[in-house]
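The sequence lines fix the lettering, A, B, ..., with proteins before strands; numbering per chain opens at 1.
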2 protein chains.
Amino acid sequence: MSLRNAILALLTVEPMTGYDLLKHFEASVGHVWHAPDSQIYPALRAMEKDGLLEGTDVTWGQRGTKRRYAITEAGRTAFREWMDTPLDYPRDRDPVHLKAAYFEWATPDAAALQLRAHIAHYTGRLEQWREKIREIETGGSDMLNRRLATVPSSQHERTIAFKRYTYEGMIARAEAEIAWARHGLALLDELE
Amino acid sequence: MSLRNAILALLTVEPMTGYDLLKHFEASVGHVWHAPDSQIYPALRAMEKDGLLEGTDVTWGQRGTKRRYAITEAGRTAFREWMDTPLDYPRDRDPVHLKAAYFEWATPDAAALQLRAHIAHYTGRLEQWREKIREIETGGSDMLNRRLATVPSSQHERTIAFKRYTYEGMIARAEAEIAWARHGLALLDELE
DNA sequence: CGTCTCATGTAAGGAGTTACATGATTTA
DNA sequence: TAAATCATGTAACTCCTTACATGAGACG
């Protein structure tokens with residue numbers, strides 16, 4: 001249900017088309033929750049059917065139309081409810097650590113390569129998340145600015161703080177992963 | 001494909017029935033990769049069909065039979081190949097952090113409750129992973145001992161080191177999650 | 001006139017969950 | 001003899017991925 005709630009979260013700011021949402025998934029929420037077009041469009045139709053959204057056709061250019069979705073009161077309620085409900089934690093299922101447990105079956109070079117890929121992966125993410133925090137701090141985040149415009153200024157601090165807090169968590173995790181992988185490279189050296 | 005490889009990893013030690021595997025998933029690999037019976041049994045049949053495993057019916061009690069699966073040479077090769085191949089990293093999709101980004105929509109109490117649940121979740125995992133490391137260190141891990149019996153003693157150090165390394169990674173991650181959630185609780189207090 | 005962006009889909013398949021089922025064997 | 005353990009499934013469903021498709025509008 002997280003996809004639906006990610007969509008609801010974005011639509012609390014303003015009505016959007018599927019394409020708008022797609023772009024926001026790529027540019028902002030996507031750093032925490034990815035969703036491709038093939039998921040978004042059907043989800044929007046289903047959510048409209050369920051009364052969480054209301055879609056209206058908007059003309060686009062000469063002949064074209066696009067569908068703009070607005071969150072309904074039921075949608076807002078559902079989102080608030082989800083926000084107040086504790087999540088289920090899925091059982092652990094971690095391919096990277098599963099593999100690391102059997103590194104004696106890999107060649108040392110292949111193992112090292114994979115640890116370096118792990119570092120590269122999280123280093124890349126780190127950059128992106130740090131960039132998001134920079135955007136938040138400098139007020140350069142479009143989506144956040146539009147969101148702030150919809151809430152009383154007494155809520156601005158909270159709203160900003162939680163976005164920042166989220167990315168800080170992702171960064172801390174990435175740093176832990178990088179440290180672990182570096183430790184693994186050292187271990188491979190030692191064992192050779 | 002990780003499920004299949006987790007199964008192959010276990011069967012490199014000795015042939016097992018679906019039920020044996022199920023128990024090992026609950027007790028050892030399951031701390032890194034969970035799999036329920038409804039996944040394991042069909043997977044075993046499919047893997048036998050693909051030539052990765054060879055199943056033989058074994059009598060059990062008076063009338064019963066059970067099927068014991070042994071890894072084939074093709075299975076061993078496939079496992080080694082997987083071990084040498086870098087993983088694809090899935091796109092980020094993290095419900096906890098997604099939610100944290102919109103904590104201003106939750107009541108402060110509900111947000112705090114969820115952060116405490118986060119701490120409780122990872123504290124529990126932490127205990128289990130620490131216990132696994134203790135088992136490894138004291139030689140109290142059945143599965144590891146049986147695995148060690150199948151490899152030359154020159155490989156024992158590596159084999160043990162990687163198991164330990166894996167759980168250390170899980171522990172580091174859990175500690176980062178707990179620290180993040182505590183930070184979140186402090187933040188909620190501050191903002192009130 | 002071509003290419004990029006905007007716009008929206010379908011279809012097949014893989015992975016995993018939940019619930020529903022059944023029956024033999026061992027052990028207390 | 002009852003309960004726990006051993007043993008093995010099926011069916012429906014959700015979520016997500018990958019690939020395949022199409023077409024209009026804007027811009028240079």
Side-chain angles (χ1 to χ4, degrees), chain A residues 1-8 15-27 29-30 32-50 52-53 55-69 82 87-95 98, chain B residues 1-8 15-27 29-30 32-50 52-53 55-69 82 87-95 98:
Chain A
M1 288 293 91
S2 289
L3 171 62
R4 284 181 171 221
N5 286 291
I7 290 172
L8 290 176
M16 291 185 202
T17 67
Y19 190 79
D20 292 336
L21 283 163
L22 180 61
K23 291 297 139 183
H24 284 296
F25 270 96
E26 280 168 11
V29 215
V32 167
W33 192 275
H34 164 76
D37 55 350
S38 63
Q39 256 197 300
I40 292 173
Y41 289 113
L44 288 171
R45 272 175 279 146
M47 289 167 76
E48 181 173 11
K49 217 189 68 194
D50 292 349
L52 302 170
L53 304 182
T56 43
D57 283 319
V58 176
T59 62
W60 173 59
Q62 305 301 310
R63 282 180 297 282
T65 63
K66 55 185 181 179
R67 198 154 180 84
R68 173 170 291 136
Y69 294 92
W82 181 72
L87 284 168
D88 282 346
Y89 282 76
R91 306 292 297 267
D92 291 300
R93 198 173 268 125
D94 183 329
L98 173 62
Chain B
M1 289 291 91
S2 288
L3 171 62
R4 284 182 171 220
N5 286 291
I7 290 173
L8 290 175
M16 289 186 204
T17 66
Y19 190 78
D20 291 337
L21 283 163
L22 180 61
K23 290 300 139 180
H24 284 296
F25 269 97
E26 280 168 9
V29 216
V32 168
W33 192 275
H34 164 77
D37 55 349
S38 63
Q39 256 197 302
I40 291 174
Y41 289 112
L44 288 171
R45 273 175 278 144
M47 289 166 76
E48 181 173 10
K49 218 189 68 197
D50 292 349
L52 302 170
L53 305 182
T56 44
D57 282 320
V58 175
T59 64
W60 172 58
Q62 306 298 309
R63 284 179 296 281
T65 63
K66 56 185 179 178
R67 197 155 180 84
R68 173 170 289 137
Y69 294 91
W82 181 72
L87 285 166
D88 282 347
Y89 283 77
R91 307 292 297 267
D92 291 300
R93 198 172 268 125
D94 184 329
L98 172 63

In this structure, how many angstroms lie between the [atom2] atom of [N] and the [atom1] atom of [X], rounded?
X: M47(B); N: dT8(D); atom1: CE; atom2: C1'; answer: 17 Å
X: K23(A); N: dC6(C); atom1: NZ; atom2: C1'; answer: 8 Å
X: Y69(A); N: dG9(C); atom1: OH; atom2: P; answer: 6 Å
X: L22(B); N: dT5(D); atom1: CG; atom2: P; answer: 13 Å
X: Q39(B); N: dG16(C); atom1: CD; atom2: P; answer: 5 Å
X: M16(A); N: dA7(C); atom1: CE; atom2: C1'; answer: 16 Å
X: H34(A); N: dC16(D); atom1: NE2; atom2: P; answer: 10 Å
X: H24(B); N: dC6(D); atom1: NE2; atom2: P; answer: 11 Å

* Asked: Is it true that R45(B) and E48(B) make a salt bridge, defined as a side-chain N closer than 4.0 Å to a carboxylate O?
  ->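 Salt bridge absent between R45(B) and E48(B).
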
Walking DNA chain D from its 5' end, the first of D20(B) and R4(A) to be reached, judged by nearest nucleotide, is D20(B)

Comparing Q62(A) with R67(B), nearest DNA chain D nucleotide closer to 5' gives the residue R67(B)

Which of dA15(C), dG16(C), dC15(D) is nearest the side chain of M1(B)? It is dA15(C)

inquiry  = Would you say D20(A) and T17(A) are linked by a side-chain donor-acceptor pair, where the criterion is simply a distance under 3.5 Å?
reply    =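 Note: T17(A) and D20(A) side chains meet the donor-acceptor criterion.
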
>> Heavy-atom nearest nucleotide on DNA chain C for R93(A) versus D37(B): which residue maps closer to 5'?
In response: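 It is R93(A) whose nearest nucleotide is closer to the 5' end.
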
Assign each of P42(A) and W60(A) the nucleotide of DNA chain C bearing its closest heavy atom; nearer the 5' end lies the nucleotide of W60(A)

*Look at Y19(B) and dA7(D) and indicate whether a side-chain polar atom (N or O) is within less than 4.0 Å of OP1 or OP2.*
no

Heavy-atom pair with the smallest gap, counting every atom of [X] and [Y]:
X: P36(B); Y: R93(A); value: CD-NH2, 4.3 Å
X: D37(A); Y: P42(A); value: O-CD, 4.0 Å
X: W33(A); Y: S2(A); value: CH2-CB, 3.2 Å

Q: With heavy atoms under 4.0 Å as the rule, sort R45(B) into base, sugar-phosphate or nothing.
A: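 Sugar-phosphate contact only - R45(B) comes under 4.0 Å of backbone atoms but never of a base.
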
Original post:
Within the modelled atom types, does a donor on one side and an acceptor on the other bring the side chain of S38(B) and the base of dT10(D) under 3.5 Å apart?
Top reply: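 No such pair is found, so the answer is no.
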
